[in-house]
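Structure first, commentary second.
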Amino acid sequence: MTPQQDIRCREISIQIGLNGFSFVVFDLDPVGFGGEAIVRAVAYRETDMAAMLLNEPMLTALEPPLGRVFVGCSTDNVLLVPQPLFEPERAEQYLVAANMYVPEMTTLSNNLLSAQAAAVWQVDAGLAAGLLQLYPGALFYHPLLLELEATPANHVQAILDGDLVHLTICNDRLYAAETLRADTPEELLYYIQRLAKRDGFTAYRLILTGDGAGRFRSFFEPYFSDVEVREVRFYNHQRIREICG
């Protein structure tokens, strides 16, 4: 085996959305010969995971060796539970109590990414089983957890994620967090206003992040004291690796 083979490995980030999948394969060189590179990044507007795997050998290749695997599940049917109250073995019970439990789906949870809250959600049982068989050590997470610790005071942070928006609002501390469907900027503004109505939402600064975020800047500027746009493709894939770095 050559020295280059000794040091190379890859990390995979898969994102399951309402209407498709995306994934990024990172080729890592921890010693410094060439650094880190994205070798494959694709978004599919379909929900057939089996077909995607057949078309993407980088997801199942034996070389370079596989390191970490992250699987993000982007759904608006997610429940946040305060960390002091969260017990992983009661994940399904939380969903039942909130009238969010769907029989015959697999319940997932993550309490590792935020000191403030854990997330509980569900995915298709066959999909979950297939991913766990392929990547038994994968870290499953919900993207709503990614910014709970990082949203600045007096800010609204909106992560654009296909048909969904992961929304966090912080005054002097985390005030509200929700994943919701918003097809238009008018809908997103309505939800922000509803969630932050006690504080007077126009006093906040807005951070818009995600692919295509820039097209909404002019719409939101009249409503907030400042609008910052972060035009980032495959944001969740990169952010989860940064948090777990």
Side-chain angles (χ1 to χ4, degrees), residues 15-22 24 41-47 72-81 95 98-100 102 113-114 116-117 119-123 141-240:
Q15 179 92 11
I16 306 165
L18 295 175
N19 297 309
F21 298 86
S22 62
V24 177
V42 179
Y44 282 91
R45 297 296 293 181
E46 60 183 68
T47 56
C73 305
S74 193
T75 170
D76 57 341
N77 193 39
V78 57
L79 178 68
L80 290 185
V81 180
L95 293 178
N99 198 29
M100 296 171 64
V102 180
L113 301 182
S114 169
Q116 301 188 68
V120 183
W121 70 97
Q122 291 186 297
V123 297
Y141 71 96
H142 192 282
L144 186 58
L145 294 173
L146 298 181
E147 302 303 333
L148 295 187
E149 309 294 323
T151 302
N154 301 314
H155 277 71
V156 173
Q157 182 140 265
I159 309 299
L160 307 182
D161 190 3
D163 299 321
L164 297 178
V165 178
H166 309 295
L167 190 65
T168 53
I169 301 173
C170 184
N171 44 36
D172 57 340
R173 57 186 176 82
L174 182 66
Y175 181 74
E178 188 171 330
T179 293
L180 47 91
R181 300 185 191 219
D183 295 324
T184 65
E186 290 84 1
E187 282 186 298
L188 179 54
L189 180 65
Y190 165 77
Y191 286 121
I192 293 172
Q193 184 177 13
R194 178 174 63 83
L195 288 171
K197 59 185 178 182
R198 293 181 184 176
D199 282 349
F201 75 102
T202 56
Y204 286 85
R205 296 180 176 183
L206 174 65
I207 302 172
L208 286 171
T209 302
D211 191 18
R215 69 186 186 274
F216 297 127
R217 179 197 292 272
S218 60
F219 173 83
F220 285 106
E221 282 181 331
Y223 300 100
F224 293 88
S225 62
D226 181 62
V227 177
E228 177 184 348
V229 171
R230 300 173 180 173
E231 187 85 30
V232 184
R233 195 167 185 229
F234 299 115
Y235 176 77
N236 293 341
H237 299 275
Q238 299 178 65
R239 180 70 174 129
I240 181 64

Discussion item. Nearest 0.5 angstrom please: Asn154 CG to Asp172 CG, how far?
Written reply: 8.0 Å
Worksheet entry | Closest contact, heavy atoms only, Pro143 versus Cys73 | CD-O, 3.4 Å
Practice prompt. Show your working on side chain to side chain contact (heavy atoms under 4.5 Å, CB included) between Arg194 and Tyr190 and close with a plain yes or no.
Written response: CA-CA 6 Å; Arg194 178 174 63 83; Tyr190 165 77; 3.9 Å; yes
Fill in: Intermediate values then yes/no, side chain to side chain contact (heavy atoms under 4.5 Å, CB included), Ile207 and Phe224
CA-CA 10 Å; Ile207 302 172; Phe224 293 88; over 6 Å; no
Practice prompt. Kindly indicate whether the side chain of His166, heavy atoms from C-beta on, has any atom under 4.5 Å from the side chain of Leu146.
Written response: no
Practice prompt. To the nearest 0.5 angstrom, please state how far the OG1 atom of Thr209 sits from the CD atom of Glu231.
Written response: 10.0 Å
Discussion item. Rounded to the nearest 0.5 Å, what separates atom CD in Gln15 from atom CZ in Phe21?
Written reply: 10.5 Å
Discussion item. I need the single residue from Leu208, Leu188, Leu206 that forms a side chain to side chain contact (heavy atoms under 4.5 Å, CB included) with Val156. Which is it?
Written reply: Leu206
Worksheet entry | Which atom of Ala117 lies closest to which atom of Leu145, heavy atoms considered | O-CD2, 3.6 Å
Item to complete: Would you mind telling me which of Val78, Leu80, Asn236 makes a side chain to side chain contact (heavy atoms under 4.5 Å, CB included) with His142?
Response: Val78
Worksheet entry | Check: Gln157 side chain, Pro152 main-chain N or O, donor-acceptor pair, under 3.5 Å | no
Worksheet item: Quick one: CE on Met100 to CH2 on Trp121, what's the gap to the nearest 0.5 Å?
Response: 12.0 Å
Worksheet entry | N/O donor-acceptor pair under 3.5 Å between His237 side chain and Tyr235 backbone | no
Item to complete: Check the side chains of Ser114 and Glu149 for a donor-acceptor pair under 3.5 angstrom, ignoring hydrogens and angles.
Response: yes
Discussion item. Looking at every heavy atom in both Leu148 and Gln116, which two are closest together, and how far apart are they?
Written reply: O-NE2, 3.0 Å
Worksheet entry | Minimum heavy-atom distance Tyr175-Leu195, with the two atoms named | CE2-O, 3.1 Å
Practice prompt. Specify whether Phe220 and Phe216 have parallel, tilted or perpendicular ring planes, treating 30° as the upper limit for parallel and 60° as the lower limit for perpendicular.
Written response: perpendicular
Worksheet item: Is there a side chain to side chain contact (heavy atoms under 4.5 Å, CB included) between Glu187 and Val165 once you walk through the steps?
Response: CA-CA 11 Å; Glu187 282 186 298; Val165 178; over 6 Å; no
Practice prompt. Calculate, to the nearest 0.5 Å, the distance between atoms CG and CG belonging to Asp163 and Leu18 respectively.
Written response: 6.0 Å
Fill in: Nearest non-hydrogen partners of Ala43 and Ser22, listed with the distance
CA-CB, 3.9 Å
Item to complete: Could I get the full list of salt bridge (charged side-chain N to carboxylate O under 4.0 Å, His left out) partners for Asp76, not counting sequence neighbours?
Response: Arg181
Fill in: Audit row: Phe234, Asp211, side chain to side chain contact (heavy atoms under 4.5 Å, CB included) steps and yes/no
CA-CA 7 Å; Phe234 299 115; Asp211 191 18; over 6 Å; no
Response to the item:
Nearest heavy-atom approach of Arg217 to Val229 is NH2-CB, 3.5 Å
Worksheet item: So do the side chains of Thr75 and Val123 get within less than 4.5 Å of each other, counting heavy atoms only?
Response: no
Discussion item. I need the Leu79 CG to Thr179 OG1 distance, nearest 0.5 Å.
Written reply: 11.5 Å
Fill in: Close side-chain approach of Tyr223 to Ile192, heavy-atom, < 4.5 Å
no
